[in-house]
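Structure, as structure tokens:
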2 protein chains.
Amino acid sequence: MPDADRVLPPTTKDLARAAGVSRATVDRVLNGRLGVRQATVDRVNQAIRDLGFVRNMAAANLAKGRSYRFVHLLPSSGDLFLEELERCIAEAARFSADRLVTDIRRIDANDPHAVARDLAALGAEGCDGVALMAPRSPPVRDAIARLDDAGVPVIPFVSSQGGSFVGIDDRAAGATAGLLMGRFAGAGSGSVLVLSETMTAQDSLNRRLGFDAILAARFPALRVPASLETYGDPDRTRAVLSRAVAGRPDLRGLYVLSSEARVPLDVLGGMDLPRDLVVIAHERTAATVAALLDGRVSAIITQDPGHLARSVLRRLKALSDGREVFAAQERIRTEILLETNL
Amino acid sequence: MPDADRVLPPTTKDLARAAGVSRATVDRVLNGRLGVRQATVDRVNQAIRDLGFVRNMAAANLAKGRSYRFVHLLPSSGDLFLEELERCIAEAARFSADRLVTDIRRIDANDPHAVARDLAALGAEGCDGVALMAPRSPPVRDAIARLDDAGVPVIPFVSSQGGSFVGIDDRAAGATAGLLMGRFAGAGSGSVLVLSETMTAQDSLNRRLGFDAILAARFPALRVPASLETYGDPDRTRAVLSRAVAGRPDLRGLYVLSSEARVPLDVLGGMDLPRDLVVIAHERTAATVAALLDGRVSAIITQDPGHLARSVLRRLKALSDGREVFAAQERIRTEILLETNL
DNA sequence: CATTTTCTGATGCACGTGCCTCAAAACATT
DNA sequence: AATGTTTTGAGGCACGTGCATCAGAAAATG
């Protein structure tokens, strides 16, 4: 083992030697402490550049006794995507190099005041960051602002209305669905149905907006009537779908808008639909993948829950120590899944 | 700051207390050292489960003075994707939490004996792992085996023939291109041209295989003549393309097979092509993205070079310390890019 | 020049884990 | 009981960095 000439990354000790100062001064410069002459600061920074010094974050966090306590607030609905997401969060936390504890709590995301109360309660808990999956509303926004003032960053997670958040843009996801729908449906006129659990949710609205915009701009021959709402009920789904299909001999496509596509896809299996009907659904779950494989679905638009979970943890960490994130790693992609790239 | 009741992840000290043993014994159990009674081992393992203990890898690596020295051997061609990949590798190494040094070297990947020589030379260098992007051939395979025997893991990177490797499956990528081509081209018959730099490269062959298989199975009305080879030459590209287009009034699609799509796409811009020609290209580069945005290209099939770079580093690390990787994070996705999900 | 102020060096402990040594304890064998 | 063997405990140093403290040097001020 020729271990002698191994080039190890430089440490603060190497820096000190190269800059001709002591480790204490290097430390003062690195951590921006006062009382160092500009000339000395420059010498140290020059050495940093010369040696290509990179702070060993693992050692730094160890020394600081840094630990992170994060809380994830997720809606208490039981959809498949959410379950998978929860699994991924727990897994990502376990695999994290740092000492971190994550709490996953289910909240009543649709009651703004309940959410605000839950957020306020977190302030007293001494947690270092919150990932919140709930619609933004004035009470919630205020609660977030108060937490932020108290130094507890809150990251909107997966879905949020307005402002930045971790997750894909619903409008872009809808537009991608629309583009695929138009391309797959081929030239010529026809109609495309949009099936949604409920259109009151903001994410559904945004997807629909993106979908409509693309269809209007690029495929004007395709007509899109008002969305059919299922309220998650299999019987109702069957009923509205049958009625809509019966009335439209020119049906070319079906866009399953909601995140919970299981019920509509199950219903679809038992119906007598036009051959070559283009069906597009959201989120990779056991239900959508099965449907893609047996041909009920043509494409799935999704985001990787594992990536989401890891990304939000990295972002929370970066926020709590005032660092920048490694942007390239945090771009959540709007993925298109076909049979060939599952 | 209610910091008192913060629940910190347990340390080996907590483990020792819970199991009623000393830290030395905990250490023996954790690191599988001999000379501990089974009953004691069980007590410690029980405590690990009870407390949910997870080893602090950062501290462990710090203590071990663990450092990684990896070498990336990349082909010395100058294509855009490769440049981007190189950038990502350097960036990923800088952002790594561990102390690691990566060397990126350009090699003559198409000369099996030269590659084998380069690999052999690495054995004496005392490096901890190699990422190799070169076709597999008998001399190369032997060199890899020798390195492996010497305890230096070698990971085939991005493209490899046979065996597992880090990167997307070329056949699946070709199949995805084929599926999109068939769907986008619509019903009815027509022909689809395949344009490649050269068909001698194994990755081109595999893409073509996947592409053909899907077209034959799902879109038999589309004809795919023999691939047009450009040898990277703009004039030749223009010539073969013009000739092929002129002879085919039924042209519906064009599949740009090679990783270096810049030349064909540039040529395409100046040509008089059928409206609604479906063009599909590989790899996200400045050239392909520009073409997607101005409509010369309909879809890009790609893999994320940043993810590739980070993934191969994590895998090399895991291999050198005999750990398992976090599989979910290492699945390299075959991505489909449209205007709406760039 | 003397004095104050500003800057720097030397040193040490801490973080959680790995790894070592040495002695003490528990156990097994005669 | 005496002996040998295996198992355990106690303690310490190391890794690279953060964060103290204190004394000494250099610079600025009088």
Side-chain angles (χ1 to χ4, degrees), chain A residues 3 6-45 47-48 51-68 96-101 321-323, chain B residues 3 6-45 47-48 51-68 96-101 321-323:
Chain A
D3 228 80
R6 276 181 81 97
V7 184
L8 288 183
T11 71
T12 49
K13 211 181 284 184
D14 300 320
L15 260 192
R17 198 152 22 79
V21 298
S22 74
R23 218 181 65 72
T25 299
V26 167
D27 178 69
R28 294 189 249 264
V29 174
L30 277 179
N31 297 289
R33 276 184 264 279
L34 300 173
V36 183
R37 239 180 318 168
Q38 189 55 44
T40 314
V41 173
D42 293 342
R43 283 227 306 288
V44 173
N45 282 326
I48 290 178
L51 302 188
F53 172 84
V54 182
R55 190 195 306 247
N56 182 337
M57 276 301 175
N61 283 339
L62 181 60
K64 275 192 289 211
R66 191 72 171 101
S67 73
Y68 305 88
S96 162
D98 308 87
R99 315 185 71 198
L100 79 80
V101 180
D321 17 90
R323 263 186 310 106
Chain B
D3 229 80
R6 277 181 80 98
V7 184
L8 287 183
T11 70
T12 49
K13 211 181 283 182
D14 301 319
L15 260 192
R17 197 152 24 78
V21 300
S22 74
R23 218 181 66 73
T25 300
V26 167
D27 178 70
R28 290 177 183 117
V29 174
L30 278 180
N31 297 290
R33 274 184 267 279
L34 300 173
V36 182
R37 245 180 314 171
Q38 188 56 45
T40 313
V41 173
D42 293 341
R43 284 228 307 288
V44 173
N45 282 327
I48 290 178
L51 302 188
F53 171 84
V54 182
R55 192 196 302 250
N56 182 335
M57 278 300 177
N61 283 339
L62 181 59
K64 276 191 288 209
R66 190 74 171 99
S67 73
Y68 304 88
S96 163
D98 307 89
R99 316 185 71 199
L100 78 78
V101 180
D321 20 84
R323 263 187 308 109

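Naming convention: chains lettered A, B, ... in sequence-line order (proteins, then strands); numbering from 1 in each chain. As the structure is a computational prediction, the values presented were derived from the model and not from experiment.
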Which nucleotide wins on minimum distance to the side chain of B:A63, given the candidates C:dT17, D:dG18, C:dT8?
C:dT17

To the nearest angstrom, the NZ-C1' distance between A:K64 and D:dG16 comes to 13 Å

Considering just the side-chain nitrogens and oxygens of A:R37, establish if one lies under 4.0 Å of OP1 or OP2 belonging to C:dT8.
yes

With DNA chain C as reference, determine whether B:A59 or B:R33 sits nearer its 5' end, using the nearest nucleotide of each.
B:A59

Does B:S22 put a side-chain nitrogen or oxygen below 4.0 Å from OP1 or OP2 of D:dT8?
no

Donor-acceptor pair under 3.5 Å: do we get one between A:R28's side chain and the base of C:dG9?
yes

Can you measure B:L62 atom CG to D:dC15 atom C1' for me and round it to whole angstrom units?
4 Å

At under 4.0 Å between heavy atoms, what does B:R55 touch on the DNA or RNA strands: base, sugar-phosphate, or nothing?
sugar-phosphate

Describe the nucleic acid contact of A:N31 in one word from base, sugar-phosphate, nothing, applying a heavy-atom distance below 4.0 Å.
sugar-phosphate

Kindly indicate whether the side chain of B:R23 and the base of C:dG16 share any N or O donor-acceptor pair separated by less than 3.5 Å?
no

Checking C:dT17, C:dG16, C:dT8 against the side chain of B:T12 (C-beta onward), the nearest is C:dT17

Expressed in angstrom and rounded to an integer, what is the separation of B:N61 atom CG from C:dC19 atom P?
11 Å

Would you mind reading off the distance between A:L30 atom CG and D:dT17 atom C1', rounded to a whole angstrom?
9 Å

From the set D:dA10, C:dT8, D:dG16, return the single nucleotide nearest to any side-chain atom of A:V36.
C:dT8

Heavy atoms only, 4.0 Å cut-off, all strands: where does B:A60 land among base, sugar-phosphate and nothing?
sugar-phosphate

Spacing of A:N56 atom CG and A:T11 atom OG1 [to the nearest 0.5 Å]:
9.5 Å

Nearest-Å distance, CG (A:D14) to P (D:dC15)?
12 Å

In Å, rounded to the nearest 0.5 Å, how long is the span from OG1 of A:T12 to CG of A:D27?
8.0 Å

Closest of C:dT8, D:dG11, D:dC15 to the A:T25 side chain is C:dT8

So how far is it from A:R17 CZ to A:R23 CZ, rounded to the nearest 0.5 Å?
13.0 Å

Atom CG in A:D42, atom CZ in A:R37: separation rounded to 0.5 Å?
11.5 Å

Sidechain-backbone polar pair: A:R99 side chain, A:S67 backbone, donor-acceptor under 3.5 Å
no

d(CD, A:Q38; P, C:dT8) in whole Å
10 Å

Quick one: label B:D27 by what it contacts on the DNA or RNA (base, sugar-phosphate, nothing), any heavy atom closer than 4.0 Å.
base

Can you measure B:D42 atom CG to D:dT7 atom C1' for me and round it to whole angstrom units?
15 Å

Do B:R28 and B:V41 come within less than 4.5 Å of each other through their side chains, counting heavy atoms only?
no

Over how many whole Å does the gap from A:M57 atom CE to D:dG18 atom C1' extend?
12 Å

